[in-house]
**Student:** 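Quick one: the structure is below, and I'll ask about it shortly.
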Amino acid sequence: MTTVDLPLTAKDFKSDQEVRWCPGCGDYIVLNTVQAFLPKLGLRPENIVFVSGIGCSSRFPYYLNTYGMHSIHGRAPAIATGLAVSRPDLSVWVVTGDGDALSIGGNHLIHALRRNVNIKILLFNNRIYGLTKGQYSPTSEPGKITKSTPAGSLDTPFNPLSLAIGAEASFVARALDSDKAGLTEVLTAAAKHRGSALIEIYQNCPVFNDGAFDGLKGSDRIIPLRAGEPITFGGLRVVSSGFAGLAVSDAGEPVVHDPSIEDTSYAFALTRLGDQRLSRVPTGIFRQVDRPTYDDEARAQVDRARSGQSPSLQAVLTGKDT
Ligand code: SF4
Ligand code: MG
């Protein structure tokens with residue numbers, strides 16, 4: 001990593017490594033957006049860390065002039081957790097894909113989210129395994145024909161945002177690779193959020209799953225979520241449909257979006273407005289609530305133990321004060 005003087009620009013966050021993704025890959029746009037966003041953190045590059053797992057998107061740390069680690073398949077959240085707990089002065093980010101995060105690393109992802117570790121997770125969802133040349137992934141749609149499912153996938157895919165909210169994630173958002181403004185907006189909010197943030201990024205893989213998100217470009221299938229504003233799109237509106245339910249309608253009072261609602265039912269219902277065929281997709285921040293972070297609580301426990309305020313291990317084992 002080269003050191004640079006403040007104030008910083010996007011150029012200061014570009015490394016000297018040759019970027020090796022296929023021509024036209026959506027990862028390029030996301031990389032450019034992240035490099036343009038990083039100066040807004042107001043941090044020096046040496047106070048920012050990107051940890052990745054395995055996959056095409058996991059090459060990300062090579063291309064940033066920050067600290068970084070291209071780690072173990074699916075285990076980036078575990079490594080990032082250790083870093084966040086031991087180094088509260090760092091801004092810790094995870095870069096992962098749909099296979100890395102939801103298959104090999106599914107367990108690590110959900111536990112990082114439920115613990116509310118202060119890490120920001122960018123989940124590049126291209127609905128395919130790209131690096132290993134085109135096998136179906138945990139987000140591939142039913143019937144998907146790939147090299148590993150020549151007769152069509154039989155699996156029900158994950159909805160990553162429903163999964164995250166089921167794991168009590170305190171910040172959940174979605175953006176498109178091609179929407180620089182929308183992605184920058186959620187990156188900025190995620191960076192300010194204290195706790196785990198999951199951002200799903202729909203990312204085109206022109207080689208093995210080309211055009212998976214083409215139907216969303218410039219279309220009225222996008223349901224934009226903006227805090228404090230009625231949820232409307234393409235002449236339709238999102239309305240309340242009974243107990244914590246939401247529906248799309250051409251009549252009725254639109255729901256005013258409030259990502260700070262504590263009850264997970266509302267944000268969960270928002271994630272269910274989309275479907276596997278991507279006939280409509282909400283984007284923006286679904287949920288953003290405050291709750292204690294694992295790293296703050298863990299450090300407080302250590303401080304209490306050091307200052308003698310915690311019971312000794314012997315007292316716990318014997319049930320007696322020593
Ligand atoms: Fe991008 Fe797909 Fe190539 Fe991987 S295989 S670099 S995701 S285009
Ligand atoms: Mg993938």
Side-chain angles (χ1 to χ4, degrees), residues 14-15 17-35 50-64 68 70-77 93-110 112 121-149 152-164 173-180 183 198-217 274 276-278 281:
K14 292 182 183 173
S15 76
Q17 298 296 299
E18 179 194 352
V19 182
R20 292 190 193 170
W21 287 311
C22 309
C25 178
D27 290 358
Y28 285 100
I29 323 175
V30 181
L31 177 63
N32 286 341
T33 303
V34 169
Q35 285 166 334
F50 278 76
V51 184
S52 66
I54 297 295
C56 294
S57 59
S58 287
R59 295 191 60 77
F60 220 80
Y62 294 120
Y63 308 139
L64 292 171
H70 188 182
S71 75
I72 312 166
H73 215 345
R75 273 58 179 170
W93 297 71
V94 167
V95 177
T96 182
D98 41 310
D100 189 59
L102 299 168
S103 184
I104 299 93
N107 206 22
H108 293 279
L109 178 75
I110 57 175
I121 303 170
L122 309 183
L123 197 169
F124 291 53
N125 183 6
N126 54 18
R127 308 180 94 190
I128 200 82
Y129 279 91
L131 188 71
T132 48
K133 305 203 181 305
Q135 297 81 16
Y136 81 124
S137 85
T139 54
S140 296
E141 61 274 25
K144 181 81 176 173
I145 294 176
T146 70
K147 288 173 184 163
S148 56
T149 52
S153 166
L154 301 175
D155 293 6
T156 298
F158 274 129
N159 177 325
L161 300 194
S162 301
L163 184 76
R174 178 187 286 135
L176 307 181
D177 58 3
S178 54
D179 179 10
K180 185 172 182 180
L183 179 53
L198 180 78
I199 302 173
E200 180 187 27
I201 303 169
Y202 281 165
Q203 175 247 320
N204 193 40
C205 169
V207 175
F208 296 111
N209 201 16
D210 194 23
F213 307 107
D214 277 2
L216 300 174
K217 282 184 185 154
Q276 292 148 7
R277 290 167 290 115
L278 302 178
V281 165

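Starting from 1, each residue takes its place in the sequence as its number. Order of listing sets the numbers, starting from 1, for every ligand and every atom in it. Since the model is a prediction, treat every value here as computed from it, not as a measurement.
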**Student:** Should you measure from each heavy atom of Cys25, which atoms of ligand 1 turn up under 4.0 Å away?
**Tutor:**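 The list of qualifying atoms is 1 (Fe), 6 (S), 7 (S), 8 (S).
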**Student:** Of all the atoms in ligand 1, which lie at a distance below 4.0 Å from a heavy atom belonging to Gln203?
**Tutor:**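 Going through ligand 1 atom by atom, the ones under 4.0 Å from Gln203 are 7 (S).
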**Student:** So is Asn126 in contact with ligand 1, going by heavy-atom distances below 4.0 Å?
**Tutor:**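 The answer is yes, since Asn126 has a heavy atom less than 4.0 Å from ligand 1.
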**Student:** Between Trp21 and Tyr63, what is the ring plane arrangement, given parallel below 30°, perpendicular above 60°, and tilted in between?
**Tutor:**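 Trp21 vs Tyr63 ring planes: perpendicular.
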**Student:** For ligand 1, which atoms have a heavy atom of Gly130 less than 4.0 angstrom away?
**Tutor:**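 Close to Gly130: 5 (S).
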**Student:** Can you measure from OG (Ser58) to NE2 (His70) and round to the nearest 0.5 angstrom?
**Tutor:**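 Atom-to-atom, Ser58:OG and His70:NE2 are 5.0 Å apart.
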**Student:** Tell me: protein heavy atom nearest atom 4 (Fe) of ligand 1, and distance?
**Tutor:**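 Of every protein heavy atom, Cys56 SG, 2.3 Å lies nearest to atom 4 (Fe) of ligand 1.
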**Student:** Within a reach of under 6.0 Å around NZ of Lys147, are more than 12 heavy atoms found that belong to other residues, nucleotides or ligands?
**Tutor:**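 Yes - once you tally the heavy atoms of other residues, nucleotides and ligands closer than 6.0 Å, there are more than 12.
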**Student:** Kindly confirm whether atom 4 (Fe) of ligand 1 is within less than 2.8 Å of some N/O/S atom in Cys22?
**Tutor:**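 False for Cys22.
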**Student:** Ignoring hydrogens, what is the shortest heavy-atom contact between Phe60 and Leu31? Give both atom names and the distance.
**Tutor:**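 The pair with the smallest heavy-atom distance is CZ-CA, 3.6 Å.
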**Student:** Please report the interatomic distance CG(Leu64) to CD(Gln17), rounded to the nearest 0.5 Å.
**Tutor:**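 Rounded to the nearest 0.5 Å, the CG-CD separation comes out at 11.0 Å.
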**Student:** Checking contacts here: is it the side chain or the backbone of Lys133 that comes within 4.0 Å of ligand 1, counting heavy atoms only? Could be both or neither.
**Tutor:**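 Contact part for Lys133 vs ligand 1: neither.
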**Student:** Going by the atom numbers of ligand 1, which of them fall below 4.0 Å from some non-hydrogen atom of Phe208?
**Tutor:**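 The atoms of ligand 1 under 4.0 Å from a heavy atom of Phe208 are 5 (S).
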**Student:** Just checking, any donor-acceptor pair under 3.5 angstrom between side chains of Asn126 and Gln203?
**Tutor:**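 Checked: Asn126/Gln203 side chains pair up, N/O donor to acceptor below 3.5 Å.
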**Student:** If you count the atoms of ligand 1 from 1 in the order shown, which ones are under 4.0 Å from a heavy atom of Pro206?
**Tutor:**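 Numbered from 1, ligand 1 contributes 8 (S).
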**Student:** List the closest protein heavy-atom neighbour of atom 2 (Fe) of ligand 1: residue, atom name, distance to the nearest 0.1 Å.
**Tutor:**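 Protein heavy atom at minimum distance: Cys205 SG, 2.3 Å.
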**Student:** How many angstroms lie between atom CG of Leu278 and atom CG of Leu216, to the nearest 0.5 angstrom?
**Tutor:**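 Taking CG in Leu278 and CG in Leu216, the distance rounds to 5.5 Å.
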